[in-house]
Enquirer: 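I am attaching a structure below and will ask some questions about it afterwards.
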Amino acid sequence: MRGTHKIKLALKRPTKHRKALAKNPNEQEEMKLRITILVAACATIVFGQRKQTVDLKWKIGENEKLNYSTVMSVIDTSTIEMDFGGLFKSLSDSTASGLKESKDFFKKFNDAFKNMDYVTTLSSQQDGVIDIVMSTRPKENTTETEMDSTDSHEATMLKMMQSMNQGVMLRGSVYETGDIHSFWVKSNQKNLIAIFFQLPTNPVKVGDMWSLDLNLIANDQNFKCDSAYKINEVTLTDIKEVDGETIAVLKYNIVEFVSGDFYSPSFFGNEGAQKETMMKFSHQGIAEFSIDNGRWVTYDGIMSLEASGVMTTNKKTKFTLLNE
């Protein structure tokens, strides 16, 4: 009987515990209410951020010189083991997971580009205009010791060539409000300004898209187009707080494609040769812009060119801005 009695006591304990809980139904209801309010508050904050409208504007002081180390380097895909297909897949994914994968890719990829070829300086001008100057600078691996190892004539020539290479490669300007100001520059320079520095002219919220003022493909009358398409989208994918700073996350999806026939110019009445031709440009990137400080925090992109026919090529170029 003693053993049976112990079993009965053990069976009664859960019943007593349930009765004890039942004595405080108000506490249970209060706990449920607190959890519901907490979940609702978190959802409201996230929903509020997604509905928040922001202005992306350049904010550069009157006497400030904002410098960016600028990378525009062709990628040797044979020596860099990277899954570029995976990159484009993650860039097409607007979820938090997709954006994190894209940022992680670029963070690792930037380690392959330590020597910067260009520096871009932004400064504030009158009438709300931001001046942009991109210049070359000598490679960091050319040291004074290497110069001194040559005779005086060679050293002088080397220094003169380096001085010449420190010339301005691009001059242009944008409005503080984001649109391109220097309408007079050549198309290739205007494209660079648009890709790196053009911002939406109107307030935007998460999910909004806008286009850039650029044309990556240009053909003359010798090209007869059979098919073409164009995607020109920059999307505000997220607004977040980092150390008290409001950051806008932008995703770039630019694609231009044409295919058709290229006719070689005819001379002296002879009919020119005809060659089937295809060209495709794409620029995929992700960037973070400080809404509070009015400047890039990070900017990373990869431009791809595929072509066949008159010109056959398949190359990728790294586009990066690093704040100095």
Side-chain angles (χ1 to χ4, degrees), residues 53-73 116-138 162-204 208-216 218 232-236 239 242 245-252 254 283 285-301 303 317-324:
T53 300
V54 295
D55 275 327
L56 305 186
K57 294 183 178 181
W58 292 103
K59 299 177 183 179
I60 300 176
E62 183 178 349
N63 299 316
E64 182 182 5
K65 299 288 185 181
L66 177 59
N67 293 322
Y68 287 102
S69 294
T70 306
V71 177
M72 292 185 295
S73 299
M116 308 304 173
D117 293 331
Y118 305 94
V119 59
T120 304
T121 302
L122 278 64
S123 58
S124 181
Q125 304 297 317
Q126 295 179 349
D127 302 323
V129 173
I130 302 299
D131 194 38
I132 302 167
V133 178
M134 183 184 296
S135 305
T136 61
R137 58 184 174 190
Q162 288 181 340
S163 177
M164 291 172 62
N165 287 334
Q166 287 181 288
V168 173
M169 304 298 293
L170 179 148
R171 287 189 196 276
S173 50
V174 294
Y175 292 102
E176 290 179 348
T177 52
D179 210 357
I180 293 179
H181 171 259
S182 54
F183 63 87
W184 56 85
V185 299
K186 291 183 177 181
S187 294
N188 58 348
Q189 295 202 337
K190 189 177 181 181
N191 289 340
L192 284 178
I193 294 170
I195 287 173
F196 275 135
F197 303 110
Q198 189 176 6
L199 297 173
T201 55
N202 298 315
V204 289
D208 283 352
M209 295 182 182
W210 60 93
S211 59
L212 300 180
D213 186 7
L214 56 76
N215 287 97
L216 299 174
N232 189 337
E233 297 174 347
V234 186
T235 307
L236 178 60
I239 299 172
V242 179
E245 187 177 3
T246 307
I247 304 294
V249 182
L250 279 59
K251 184 181 71 174
Y252 288 75
I254 312 293
H283 180 75
I286 187 168
E288 295 185 348
F289 188 85
S290 171
I291 299 171
D292 298 329
N293 296 322
R295 61 199 61 198
W296 291 123
V297 177
T298 62
Y299 183 104
D300 288 292
M303 182 175 289
T317 304
K318 181 78 163 64
F319 282 73
T320 295
L321 294 175
L322 298 174
N323 197 335
E324 294 188 342

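Keep in mind that this is a model prediction, so the values were computed, not measured.
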Enquirer: Looking at OG1 of Thr121 and CG of Leu66, how far apart are the two atoms once the value is rounded to the nearest 0.5 Å?
Expert: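 The CG atom of Leu66 is 8.0 Å from OG1 of Thr121, to the nearest 0.5 Å.
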Enquirer: Taking it one step at a time, do Leu192 and Leu170 satisfy side-chain contact (heavy atoms from CB on, under 4.5 Å)?
Expert: CA-CA 9 Å; Leu192 284 178; Leu170 179 148; 3.8 Å; yes
Enquirer: How would you list, by chain and number, every residue that makes a ring pair (Phe, Tyr, Trp, His ring centres under 6.0 Å) with Tyr175, sequence neighbours excluded?
Expert: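 Tyr175 satisfies ring pair (Phe, Tyr, Trp, His ring centres under 6.0 Å) with His181 once adjacent residues are dropped.
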Enquirer: Which atom names give the shortest non-hydrogen contact between Val168 and Ser135, and what distance separates them?
Expert: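 Answer, listing the atom of Val168 first, then Ser135: CG2-OG, 3.9 Å.
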Enquirer: Taking only residues two or more places apart in sequence or in another chain, which ones pass salt bridge (charged side-chain N to carboxylate O under 4.0 Å, His left out) with Glu64?
Expert: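 So Glu64 forms a salt bridge (charged side-chain N to carboxylate O under 4.0 Å, His left out) with Arg295.
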Enquirer: Can you run down the salt bridge (Lys or Arg N to Asp or Glu O under 4.0 Å) pairs that involve residues 167-191, sequence neighbours left out, and say none if there aren't any?
Expert: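 Those involving residues 167-191 are Lys190-Asp213.
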Enquirer: Return the minimal non-hydrogen interatomic distance between Asn323 and Asn67, and the atom names on each side.
Expert: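 Heavy-atom minimum between the residues: OD1-O, 3.5 Å.
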Enquirer: Walk me through it: do Ile239 and Ile247 pass the test side-chain contact (heavy atoms from CB on, under 4.5 Å)?
Expert: CA-CA 6 Å; Ile239 299 172; Ile247 304 294; over 6 Å; no
Enquirer: In the structure I gave you, are the side-chain heavy atoms of Met303 and Ile195 within less than 4.5 Å of one another anywhere?
Expert: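 Yes, side chains in contact.
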Enquirer: Is the shortest heavy-atom distance from the side chain of Leu216 to the side chain of Ile254 under 4.5 Å?
Expert: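 The answer is yes; the side chains approach within 4.5 Å.
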Enquirer: Backbone N or O of Val204 within a donor-acceptor pair of the Asp208 side chain at under 3.5 Å?
Expert: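 Such a contact is absent between Asp208 side chain and Val204 backbone.
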Enquirer: Run the side-chain contact (heavy atoms from CB on, under 4.5 Å) test against Ser123 and tell me which residues pass, sequence neighbours left out.
Expert: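 So Ser123 forms a side-chain contact (heavy atoms from CB on, under 4.5 Å) with Lys65, Gln125, Asp131.
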Enquirer: Please work out whether the ring planes of Trp58 and Phe289 are parallel, tilted or perpendicular, with thresholds of 30° and 60°.
Expert: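 Judged by the thresholds at 30° and 60°, the geometry between Trp58 and Phe289 is perpendicular.
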Enquirer: Report yes if some heavy atom in the side chain of Ile132 is under 4.5 Å from a heavy atom in the side chain of Val174; otherwise report no.
Expert: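 Touching, per the 4.5 Å side-chain cut-off.
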Enquirer: If you define the side chain from C-beta out and look only at heavy atoms, does anything of Val242 sit under 4.5 Å from Glu288?
Expert: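 Counting from C-beta outward, Val242 and Glu288 never come under 4.5 Å.
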Enquirer: What closest approach, in Å, do Ile130 and Ser124 show between heavy atoms, and which atom pair accounts for it?
Expert: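 Looking at all heavy atoms of both residues, the closest pair is CD1-CA, 4.1 Å.
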Enquirer: Is there a donor-acceptor pair under 3.5 Å between the side chain of Asp292 and the backbone N or O of Glu245?
Expert: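 Here the side-chain-to-backbone pair does not exist.
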Enquirer: Side chains of Leu122 and Val133: closer than 4.5 Å at any heavy-atom pair?
Expert: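 Side-chain contact under 4.5 Å: no.
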Enquirer: Drop me the distance from Met72's CE to Tyr118's OH, to the nearest 0.5 angstrom.
Expert: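 One gets 5.0 Å once the value is rounded to the nearest 0.5 Å.
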Enquirer: Test side-chain contact (heavy atoms from CB on, under 4.5 Å) on Phe196 and Leu321; report intermediate values, then the result.
Expert: CA-CA 8 Å; Phe196 275 135; Leu321 294 175; 3.6 Å; yes
Enquirer: State the CG-CG distance between Leu250 and Leu56, to the nearest 0.5 angstrom.
Expert: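 Those atoms lie 6.0 Å apart.
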Enquirer: Kindly say whether Ile291 contributes a backbone atom to a donor-acceptor pair with the side chain of Lys59 at under 3.5 angstrom?
Expert: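 Looks like yes, one N/O pair under 3.5 Å.
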Enquirer: Could you give the distance from OG1 (Thr120) to CE (Met134), rounded to the nearest 0.5 Å?
Expert: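 Going from the OG1 atom of Thr120 to the CE atom of Met134 covers 3.5 Å.
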Enquirer: What residues, two or more places apart in sequence or in another chain, satisfy salt bridge (charged side-chain N to carboxylate O under 4.0 Å, His left out) together with Lys57?
Expert: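 Partners of Lys57 by the salt bridge (charged side-chain N to carboxylate O under 4.0 Å, His left out) criterion come out as none, since no residue qualifies.
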Enquirer: What heavy-atom pair brings Pro203 and Thr53 nearest, and what distance separates the two atoms?
Expert: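 For Pro203 versus Thr53, the nearest heavy atoms are CB-CG2, 3.2 Å.
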Enquirer: Taking atom types as modelled, find out whether Thr201 and Thr177 have a side-chain donor-acceptor pair closer than 3.5 angstrom.
Expert: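 Not at all, the side chains of Thr201 and Thr177 share no donor-acceptor pair under 3.5 Å.
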Enquirer: Is any side-chain heavy atom of Trp210 closer than 4.5 Å to a side-chain heavy atom of Asn232?
Expert: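 When only atoms from C-beta onward are counted, Asn232 and Trp210 do not touch, as no gap falls below 4.5 Å.
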Enquirer: Can you give me the closest heavy-atom contact between Ala248 and Leu236, atom names plus distance?
Expert: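 Result for this residue pair: CB-CD1, 3.6 Å.
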Enquirer: Run the ring-ring contact (aromatic ring centres under 6.0 Å, His included) check on Phe197 and Tyr299 step by step: do they pass?
Expert: CA-CA 10 Å; Phe197 303 110; Tyr299 183 104; 8.1 Å; no
Enquirer: Spell out, as yes or no, whether a donor-acceptor pair under 3.5 Å connects the side chain of Ser182 to the backbone of Ser173.
Expert: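 Yes.
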Enquirer: Only counting residues at least two apart or in another chain, list the ones meeting salt bridge (charged side-chain N to carboxylate O under 4.0 Å, His left out) with Glu324.
Expert: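 With neighbours one apart ignored, the set is Arg137.
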Enquirer: Say whether, by atom type as modelled, one donor and one acceptor occur between the side chain of Tyr68 and the main chain of Trp296 under 3.5 angstrom.
Expert: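 Checked: pair present.
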Enquirer: Do the side chains of Val119 and Thr70 get nearer than 4.5 Å, heavy atoms only?
Expert: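 No, every pair of side-chain atoms sits at 4.5 Å or beyond.
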